[in-house]
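As structure tokens, the structure follows; a few thoughts come after it.
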Amino acid sequence: MTFIDDLLARMTLEEKLGQLNLVTATLPLPEDRAADIRAGKIGGLLGGLVDCSFGVGGPDAAREIQAIAVEQSRLGIPLLLAYDVIHGHQTVLPIPLALSCSWNLGHVETAARIAAREATACGLNWVFSPMLDICRDPRWGRIAEGAGEDPYLGARIAEAMVRGLQGADLADPESVMACIKHFIAYGAAEGGRDYNNADVSPARLADVYLPPFRAALEAGAGSAMMSFAAVNGVPSHADADHLRLLDGVLRVSDFNAIPEMIAHGLGDEHGGIDADDPLQTLSERALRAGVQMDMMGHGFASRLPAALAAGRVSQAEIDAACRAVLEAKARLGLFDDPFGRCDQARAARNLLAPEYRVAARQLAADSCVLLKNAGDLLPLAAPGLSVAVVGPLADDAWNILGPWSFQGDPASAVTVLDGIHAVPGVTVHHARGANLVEDRRMLDLLNFAGPKVTLDPRPPAEMVAEAVAVAEAADVVVAVLGEAAEMSGEAASRMDIGLPPGQRVLLEALHATGKPVVLVLLHGRPLTLPWEAEHIPAILATWFGGCETGNAIADLLFGLRNPCGRLTTTWPRHVGQVPLAYDRATTGRPGSRDNDPGKYTTRCYLDGASEPLFPFGFGLGYTRFAYGPPAASASQLGPDDTLTVSLSVTNTGARSGEEVVQMYVTDPVASVVRPGKQLKGFEKIVLAPGETRTVRFRLTTRDLEFHTPRGDRVWEPGRFVIGIGPDSDTLQTLTVHWRR
Ligand code: BGC
């Protein structure tokens, strides 16, 4: 009998259900929570728990709480201590969407490792990260928390996140259990409306939404969280067919999501419900479907005893769920060393360690995407330059941290103004120019958890006039505009994804001065910027870069680093185009780029082009690269052959720089309509001026697989077009034939 069998055999029903109960806690821990821990009625705590905001009080608080479970409960089972550590903990790092734009898996792993070290230094052993939801609709605020629109890139990033969080050994006190979320297709919410449902074909689920989860499972992720959404009519918390795909990892509900299935209008598998106690019906159903831990739903603990007595759930189902929780705790080493992550000395060393800030600066810079640089306006030459740093985000230390940055301290964040001030030889003038938003209702929504967005009471025209005067006196204008942190993240969808109107008025006024304007964007999603892209000479998308934002942006603006980020989402021209992704399937009437009014069968939108403003994979730098012609190792291949495609890339500019060489595959004729192209490989290289490197990609028939409408995973022989280039829209192609 194993240790866990033995433990299970000694547990009462109440203690078993206690393990399935995940609840919130604040500090100091309320007495009723402590009493429940003592009574074995709680398996884990989340959020608000570790008071380590600006100090190192965390591990002691965690130790005290853990001691209640280990030393004062009958069986001494340690607690899972969980938190939403989404992009760094105290050292706030770029938001996940930003980091994905680095296309640098080493950076992703480093970010996850830093987060794990800091989280575990605060006593945490479980983080609700990474979010692996593929998203093609920038209206959805939670696009900020994921890795963009592509399943292949998303899968590679998922693996790197799991490696970084969990380390080589989950029992290591510096490792933390990852929780892959939100299973499944949460990012497909209709209309980009948060918490909404989606209708997704099984083939699309398998080919687009599942790959990051599959990759994370193969990398050993310890747990998974269900999504609030119903997919194809069934909320994920009740979908046994989907939850089976997560066998072997701890499956936790999202916050209060089991009771929320009542509002979904869900009953049991036959459509019935206990009208007096619907939570009874849905707690039973969630357990039967495979949910093992109930986050703040309270139904598992309170309703399953009656369900068991009535034979509506089995002892085996309860035991299996309890075993999953205990096994996760065992993998974390908590039974051997429950206090291993409560180490004051390590906290003092690890939290906000200087080397983490160095990394934060590099990660933030490498996440930025240079979208436009007409006339090589950037980089700016510092000595003697007078710069007007204008805009509501220029001197904002709160919002640069981004959504989901509860432990970040704005006092230690470097604003864009600070960063530019620190550049030697530059004279800086500043004006706010506009409020982030003027709309009072929006302001209240953004400030729901504390005042992050302030309102300058001056009339907008007065603020613009002040900014114009500052701009006119300078050589160059850096306009720092965009979104507030809380304009993305959970429950933060937007219908209009352009710059808020007051900021746009400011930008037009700055442009009208005739001074060169560099638009530095802070944002949690792709924005629609057709006017800006036409009129403003230089545009740098910086997302929310975290605590080193200002230094990272200054490094790029003044050429200390080369911008090397590439978009991981398609940027639409207009919100009316979404959802829009680069791998959209071909149609029988392919649109023409010129939108020729004479060609009825190729036109689409009457009021604008169909093409995006910036394609997936796009980004500029301060040097140029020349791509040689691609060459294939063979033009005819058999099923077991590996194709190698190679090409040379040369840095033809005067500066060293990074390039993301991307490989896409098209399957032009198949039994079903296929995506126009799909990313199947990429490599980020660094080249000195004049240097040439040969890049090689390998492909096998595994890379050609897709799911049929009947759910079979197949590859179909025939012709394949391989495209290689700097973005999804600029490819050199060659054709090969694969035989069965
Ligand atoms: C979110 C999850 C998060 C959980 C706990 C939910 O509202 O959807 O992503 O992990 O809250 O904070």
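FYI, the numbering just counts along the sequence from 1. Everything quoted here is computed from the prediction, not taken from an experiment.
- Across Val416, Asp418, Leu417, a single residue satisfies side chain to side chain contact (heavy atoms under 4.5 Å, CB included) together with Val414, and that is Asp418.
- Expressed to the nearest 0.5 Å, how far OG1 of Thr528 lies from CZ of Arg494 amounts to 8.0 Å.
- Taking the six-membered ring wherever Trp is involved, the centroid distance between the rings of Phe616 and Trp103 falls below 6.0 Å.
- Taking the six-membered ring where the residue is Trp, Phe618 and Phe614 present parallel rings, their angle staying beneath 30° rather than reaching 60°.
- The aromatic rings of His511 and Trp531 sit perpendicular, their planes meeting at an angle over 60°, well past the 30° parallel limit.
- With salt bridges taken as basic N to acidic carboxylate O contacts below 4.0 Å, none links Asp150 and Arg156.
- Checked against ring pair (Phe, Tyr, Trp, His ring centres under 6.0 Å), Tyr622 has no partners two or more places apart in sequence or in another chain.
- How far CD1 of Ile134 is from CD1 of Ile143: 10.0 Å, rounded to the nearest 0.5 Å.
- Using a cut-off of 4.0 Å between Lys/Arg side-chain N and Asp/Glu carboxylate O, Arg561 and Glu658 are scored as not salt-bridged.
- Interatomic distance, His430 NE2 to Ile420 CD1, rounded to the nearest 0.5 Å: 10.5 Å.
- In this structure, Arg193 fails the cation-pi test against Tyr195, since its NZ or CZ atom is not both closer than 6.0 Å to the six-membered ring centre and inside 45 degrees of the ring normal.
- Proximity of Arg357 to Cys547: side-chain heavy atoms (C-beta onward) are separated by under 4.5 Å at one or more points.
- In this structure, CE on Met463 lies 4.0 Å from CG on Asp456, to the nearest 0.5 angstrom.
- The CZ atom of Arg139 sits 10.5 Å away from atom CZ of Arg525, with the distance rounded to the nearest 0.5 Å.
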Quiz item: Could you go step by step and tell me if Glu109 and Arg113 meet the salt bridge (Lys or Arg N to Asp or Glu O under 4.0 Å) rule?
Solution: CA-CA 6 Å; Glu109 192 169 335; Arg113 201 69 210 134; over 6 Å; no

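- Side-chain atoms of Met495 and Val575, non-hydrogen and from C-beta on, never get closer than 4.5 Å to each other.
- Annotation: Tyr605 is not in aromatic contact with His574 [ring centroid separation under 6.0 Å not met].
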Practice problem: Report the C-alpha separation of Glu483 and Ser488 in whole Å, then their side-chain angles, then the decisive distance to 0.1 Å, and conclude whether the side chain to side chain donor-acceptor pair (under 3.5 Å) test is met. | Solution: CA-CA 8 Å; Glu483 300 185 293; Ser488 60; 4.9 Å; no

